[in-house]
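Here is the naming used below: chain letters follow the sequence lines, and residue numbers restart at 1 for every chain. Below, each value reflects all heavy atoms present in this structure, side chains not excepted, and no hydrogens, waters or symmetry copies.
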There are 2 protein chains.
Amino acid sequence: MPDVSDESLAQSWHDLMGRYARLTCRLDRELEAAHGLSSSEFEVLQQLHGPAGPGKLRMTELGERAHLSQSALSRLVGRLERDGLVRRAACEADRRAVWIHITDAGRARYQEAQPTQRAILRTETWCAAVPPPEEPAG
Amino acid sequence: MPDVSDESLAQSWHDLMGRYARLTCRLDRELEAAHGLSSSEFEVLQQLHGPAGPGKLRMTELGERAHLSQSALSRLVGRLERDGLVRRAACEADRRAVWIHITDAGRARYQEAQPTQRAILRTETWCAAVPPPEEPAG
DNA sequence: GTGCATCAAATGCACAAGCATTAATTGCTC
DNA sequence: GAGCAATTAATGCTTGTGCATTTGATGCAC
C-alpha cells in the first residue's frame, strides 16, 4: 500500500508537469513565431547576455546554466552560430574548450524577445507566486 | 528598463526549468533502465490505472490528463500497444473515438514501476514540499 | 435525404534530443 | 621526456515530437 505522502508528492509532480508543459508550449510557439527562437535558445542567449558580464561562456558552464545536455547544447549553439547570434572562439587557456560569444545580432535578438517572454511569464498561470493575471485597476 | 517583478518571475521560471530537467532526466533514465518505460509512458499508464476506474480512457481525455499533444499521444499509445500494455478498442457511442484500455500486463508494469518513481520523487530535491532527502534518524 | 463545418485520431515529414563514440587536449605519474 | 586517465566538445545513429495534413465519423441546417 502506497504511502500517503508519496501520493501527494506524485500529485505535486503531476501538477508541475502540467504547468511546465503549458508554459513551455506557449513560450516555444510564441517565441518561435515572433522571434525565431525556441525557449531553450532564448535561455542560452539569456545566460550569455546577462550574468556572464563579458558575454562569453564555455560550453560546459553554459550547459549547466541553461540546463541542457552536452549534445543538445552543442547542436543548439551550432544553430545559433549559423544564424549569427553567437560566435565560437578558441580558448587559449584550455584548447579543448570553446568560448561562446554572443554577437551584437544575438544581443539585439535577445532584447527584442525578452518582453515577449516576460509577458508570457506574467500572463500564464504556472506558479503560485504569479499574481492574478488580469487585475483591471480600479 | 525591465520590471523588477518580471526579473524575479524569470528567475522562478529558470529555477523551475532546472528542477524539471533534473527530475525528468532521472525519471526517464531510471524508469527506462528498470522497467522499460519513459516518464511520459509511466504517466499515461498512471492515468489509466488509477482515477479512471474502469481502466479505459479516450485519446483526447488521456492526452489532457497526461499533458501530451495529440500526435505525441497517438504514437506513445502505439508503442504501449505494441508492448501489450494497453489495447485500443472501438468506441460504440462515437465511432471516431477510441477507447484505450490498460491490460493486465500494463497494470503489472505500472505497479512494478510505481515504487521506482515514488522513490525518485522522494529523494530528488525538486520542490519546497519535499522533506530533506536524507535524515539519518537519531 | 444532401451538404458542410466540426471533431477524433493517425500519419508524412522535418527537426531536435539522447546515447554512445570519437578526436583532441590536458594534467598527473613515473 | 613517455604513458595514461580524465576532460571538452563534436558527431553518427536512433528515437521521439510538433506541425500540417488526411481519413473517417458526427451533428446540424436545409
Side-chain angles (χ1 to χ4, degrees), chain A residues 17 20-34 36-44 48 56-83 86-101, chain B residues 17 20-34 36-44 48 56-83 86-101:
Chain A
M17 284 183 70
Y20 185 88
R22 268 192 303 281
L23 190 45
T24 308
C25 185
R26 248 195 94 185
L27 284 169
D28 272 330
R29 256 203 272 256
E30 301 190 22
L31 286 175
E32 181 63 46
L37 294 173
S38 71
S39 59
S40 294
E41 289 164 347
F42 179 86
E43 286 292 320
V44 166
L48 289 169
K56 64 180 186 179
L57 235 31
R58 291 169 38 181
M59 291 289 280
T60 307
E61 174 87 5
L62 188 52
E64 283 163 12
R65 294 201 193 203
H67 314 300
L68 289 168
S69 75
Q70 189 263 318
S71 88
L73 180 64
S74 178
R75 290 174 222 260
L76 190 152
V77 165
R79 272 172 272 146
L80 292 179
E81 188 175 37
R82 165 173 56 70
D83 297 346
V86 304
R87 187 165 44 81
R88 281 185 234 239
C91 174
E92 297 304 322
D94 182 346
R95 304 194 40 180
R96 292 168 303 181
V98 175
W99 286 110
I100 312 299
H101 293 259
Chain B
M17 284 184 69
Y20 185 88
R22 269 192 303 279
L23 190 45
T24 308
C25 185
R26 248 194 94 186
L27 283 169
D28 273 328
R29 256 203 272 259
E30 300 189 21
L31 286 175
E32 180 63 46
L37 293 174
S38 70
S39 58
S40 293
E41 288 166 348
F42 178 86
E43 286 292 320
V44 166
L48 288 169
K56 65 179 183 177
L57 237 29
R58 293 170 37 182
M59 291 289 279
T60 306
E61 174 87 5
L62 188 51
E64 282 162 13
R65 293 202 194 201
H67 314 302
L68 289 169
S69 75
Q70 189 263 320
S71 88
L73 180 64
S74 177
R75 291 175 223 261
L76 190 151
V77 166
R79 273 171 270 145
L80 292 179
E81 188 175 37
R82 166 174 55 70
D83 297 347
V86 304
R87 187 166 44 81
R88 281 186 234 241
C91 173
E92 297 304 322
D94 182 346
R95 304 194 42 180
R96 293 168 301 180
V98 175
W99 286 111
I100 312 300
H101 294 260

What integer distance in Å separates [X]:[atom1] from [N]:[atom2]?
| X | N | atom1 | atom2 | result |
| --- | --- | --- | --- | --- |
| A/Arg75 | D/dT8 | CZ | P | 19 Å |
| B/Leu27 | C/dG18 | CG | P | 14 Å |
| B/Arg26 | C/dC19 | CZ | P | 15 Å |
| A/Met59 | D/dT8 | CE | P | 12 Å |
| B/Leu68 | D/dG16 | CG | C1' | 11 Å |
| A/Glu32 | D/dG18 | CD | C1' | 11 Å |
| B/Leu57 | C/dA9 | CG | P | 10 Å |
| B/Leu76 | D/dT15 | CG | C1' | 12 Å |

Reading DNA chain C from 5' onward, which residue's closest nucleotide shows up sooner: B/Cys25 or A/Glu41?
A/Glu41

Is there a donor N/O on one and an acceptor N/O on the other, under 3.5 Å, for the side chain of B/Arg96 and the base of D/dT26?
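No.
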
Does B/Gln70 make a side-chain donor-acceptor contact with the base of C/dA8, cut-off 3.5 Å?
no

Hey, what do you get for CG (A/Leu76) to CZ (A/Arg79), rounding to the nearest 0.5 Å?
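A/Leu76 CG to A/Arg79 CZ: 4.5 Å, rounded to 0.5 Å.
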
Which nucleotide sits closest to the side chain of [X]: [options]?
| X | options | answer |
| --- | --- | --- |
| A/Arg58 | C/dC19, D/dA9, C/dT26 | D/dA9 |
| B/Ala72 | C/dC7, D/dT17, D/dA9 | D/dT17 |
| B/Ala97 | C/dA8, D/dT17, C/dT25 | C/dA8 |

Using a cut-off of 4.0 Å on non-hydrogen atoms, how would the nucleic acid contact of [X] be classed: base, sugar-phosphate, or nothing?
| X | result |
| --- | --- |
| A/Ser74 | base |
| A/Asp28 | nothing |
| B/Ser71 | base |
| A/Arg79 | sugar-phosphate |

What is the minimum heavy-atom distance between A/Leu48 and A/Ile100, and which atoms define it?
CD2-O, 3.4 Å

For B/Met59 versus B/Ser74, what's the shortest heavy-atom pair and its separation?
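Where B/Met59 meets B/Ser74 most closely, the heavy atoms are CE-CA, 3.4 Å.
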
Respond yes when some side-chain nitrogen or oxygen of A/Ser69 is under 4.0 Å from OP1 or OP2 of C/dG18, and no when none is.
yes

When you check the phosphate oxygens OP1 and OP2 of C/dA10, does a side-chain N or O of B/Arg88 lie under 4.0 Å from one of them?
yes

Would the number of heavy atoms belonging to other residues, nucleotides or ligands and lying under 6.0 Å from CZ of A/Arg88 be above 12?
yes

Evaluate side chain to side chain donor-acceptor pair (under 3.5 Å) for B/Asp28 paired with B/Ser38, printing each intermediate quantity in order.
CA-CA 5 Å; B/Asp28 273 328; B/Ser38 70; 4.6 Å; no

